[in-house]
Amino acid sequence: MFKQLVTAAVTAVLIAGLGACGRETDARDEGTDYSVDVDQDSGSVAEEPQPDADTTTDASVFGLRDEVRHLAAKTTRATRPHLTKKCSTTTRRVKHTTSTGSGTKRRTRTWYSTEQSKTCKQVRSGTETYRRVVRPEQWCVSVDNLGGDTKQDDVWYQVSKTTYDAAIGTDRHARMDFTPKDSGC
């Protein structure tokens with residue numbers, strides 16, 4: 001919770017500071033040239049200029065943050081074979097010999113011993129109940145004005161937990177730029 005508040009405060013200060021600077025107007029975007037950019041690896045939030053649409057090579061999207069949704073993992077009870085370790089001990093008779101002397105005075109002594117060895121294997125022994133994951137945990141963000149198109153509203157994307165946390169830390173209708181994991185939610 002504290003991390004989200006700090007992230008929101010830093011973002012607000014940066015946006016306010018950048019908004020105070022005099023900039024030339026841009027005909028292609030009446031809003032700001034800056035958006036909340038979420039770094040997928042470190043979870044940090046930074047202010048970066050938007051690249052031109054024709055130079056964008058990744059699958060990132062941008063729009064105005066609308067709603068966020070967290071879907072907990074959905075599980076169900078299921079059964080599977082219960083495996084147990086079954087070990088068996090085997091004994092083996094081993095012959096040992098030793099020789100002394102040479103030629104006609106050669107003498108051979110023979111004795112026997114038993115060696116034990118243990119072999120184990122997994123065998124089925126009934127069934128066991130476990131929790132099977134039907135749907136993994138999902139974090140979703142809805143954006144309005146997708147790609148700057150005012151007609152594309154309420155578009156849902158599945159995102160990483162890092163992006164979800166950054167979206168929670170921003171105000172509604174703040175401009176967001178992120179790379180979704182999947183569309184829909």
Side-chain angles (χ1 to χ4, degrees), residues 1-16 18 29 31-53 55-87 120-185:
M1 182 69 177
F2 179 73
K3 184 178 178 182
Q4 295 168 353
L5 291 174
V6 170
T7 303
V10 168
T11 303
V13 168
L14 286 173
I15 290 173
L18 292 172
D29 186 8
T32 176
D33 280 341
Y34 292 87
S35 69
V36 177
D37 184 29
V38 180
D39 183 8
Q40 298 291 334
D41 297 327
S42 66
S44 63
V45 176
E47 295 290 328
E48 292 183 4
Q50 284 292 331
D52 291 335
T55 61
T56 304
T57 56
D58 60 357
S60 66
V61 297
F62 70 93
L64 304 178
R65 174 212 180 265
D66 189 18
E67 296 180 43
V68 293
R69 181 184 300 162
H70 174 247
L71 299 174
K74 188 175 184 182
T75 61
T76 185
R77 289 178 55 147
T79 57
R80 62 183 170 205
H82 179 71
L83 299 176
T84 58
K85 185 190 269 189
K86 184 176 181 182
C87 298
C120 298
K121 58 183 172 181
Q122 296 282 343
V123 294
R124 184 175 171 170
S125 174
T127 60
E128 64 183 359
T129 304
Y130 72 103
R131 301 297 296 175
R132 183 170 61 90
V133 177
V134 177
R135 179 192 67 215
E137 188 173 22
Q138 295 176 356
W139 298 276
C140 304
V141 174
S142 168
V143 293
D144 289 340
N145 298 345
L146 180 64
D149 185 1
T150 57
K151 293 179 182 175
Q152 285 192 325
D153 289 342
D154 297 324
V155 181
W156 284 96
Y157 288 104
Q158 289 181 25
V159 295
S160 66
K161 174 128 175 58
T162 306
T163 305
Y164 175 81
D165 290 341
I168 287 178
T170 61
D171 293 330
R172 248 185 117 162
H173 300 293
R175 187 167 169 171
M176 285 192 66
D177 181 17
F178 59 91
T179 303
K181 290 170 70 174
D182 202 359
S183 61
C185 187

Taking the side chain as every heavy atom from C-beta outward, state whether [X] and [Y] have any pair of such atoms under 4.5 Å apart.
{"X": "Asp182", "Y": "Tyr157", "result": "no"}
{"X": "Arg175", "Y": "Leu64", "result": "yes"}
{"X": "Asp153", "Y": "Asn145", "result": "yes"}

Work out which heavy atom in [X] is nearest to a heavy atom in [Y]; give both atom names and the distance.
{"X": "Thr76", "Y": "Val134", "result": "CG2-CG2, 3.5 Å"}
{"X": "Val159", "Y": "Tyr164", "result": "CG2-N, 3.9 Å"}
{"X": "Thr84", "Y": "Ser125", "result": "OG1-CB, 3.7 Å"}
{"X": "Ser60", "Y": "Thr179", "result": "CB-OG1, 3.7 Å"}
{"X": "Pro81", "Y": "Arg124", "result": "CB-NE, 3.7 Å"}
{"X": "Pro180", "Y": "Ala59", "result": "CD-O, 3.5 Å"}

Working to the nearest 0.5 Å, report the span between [atom1] of [X] and [atom2] of [Y].
{"X": "Gln158", "Y": "Arg69", "atom1": "CD", "atom2": "CZ", "result": "10.5 Å"}
{"X": "Phe62", "Y": "Met176", "atom1": "CZ", "atom2": "CE", "result": "13.0 Å"}
{"X": "Leu71", "Y": "Trp139", "atom1": "CG", "atom2": "CH2", "result": "10.5 Å"}
{"X": "Leu83", "Y": "Glu128", "atom1": "CG", "atom2": "CD", "result": "7.5 Å"}
{"X": "Lys74", "Y": "Arg131", "atom1": "NZ", "atom2": "CZ", "result": "11.5 Å"}
{"X": "Trp156", "Y": "Gln138", "atom1": "CH2", "atom2": "CD", "result": "11.5 Å"}

More than 12 heavy atoms of other groups within 6.0 Å of Arg77 CZ: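 Atom CZ in Arg77 is not crowded, with 12 or fewer foreign heavy atoms closer than 6.0 Å.
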Mark yes or no for whether [X], through its side chain, and [Y], through its backbone, hold a donor-acceptor pair below 3.5 Å.
{"X": "Arg135", "Y": "Ala72", "value": "yes"}
{"X": "Arg172", "Y": "Asp66", "value": "yes"}
{"X": "Arg65", "Y": "Ala167", "value": "yes"}

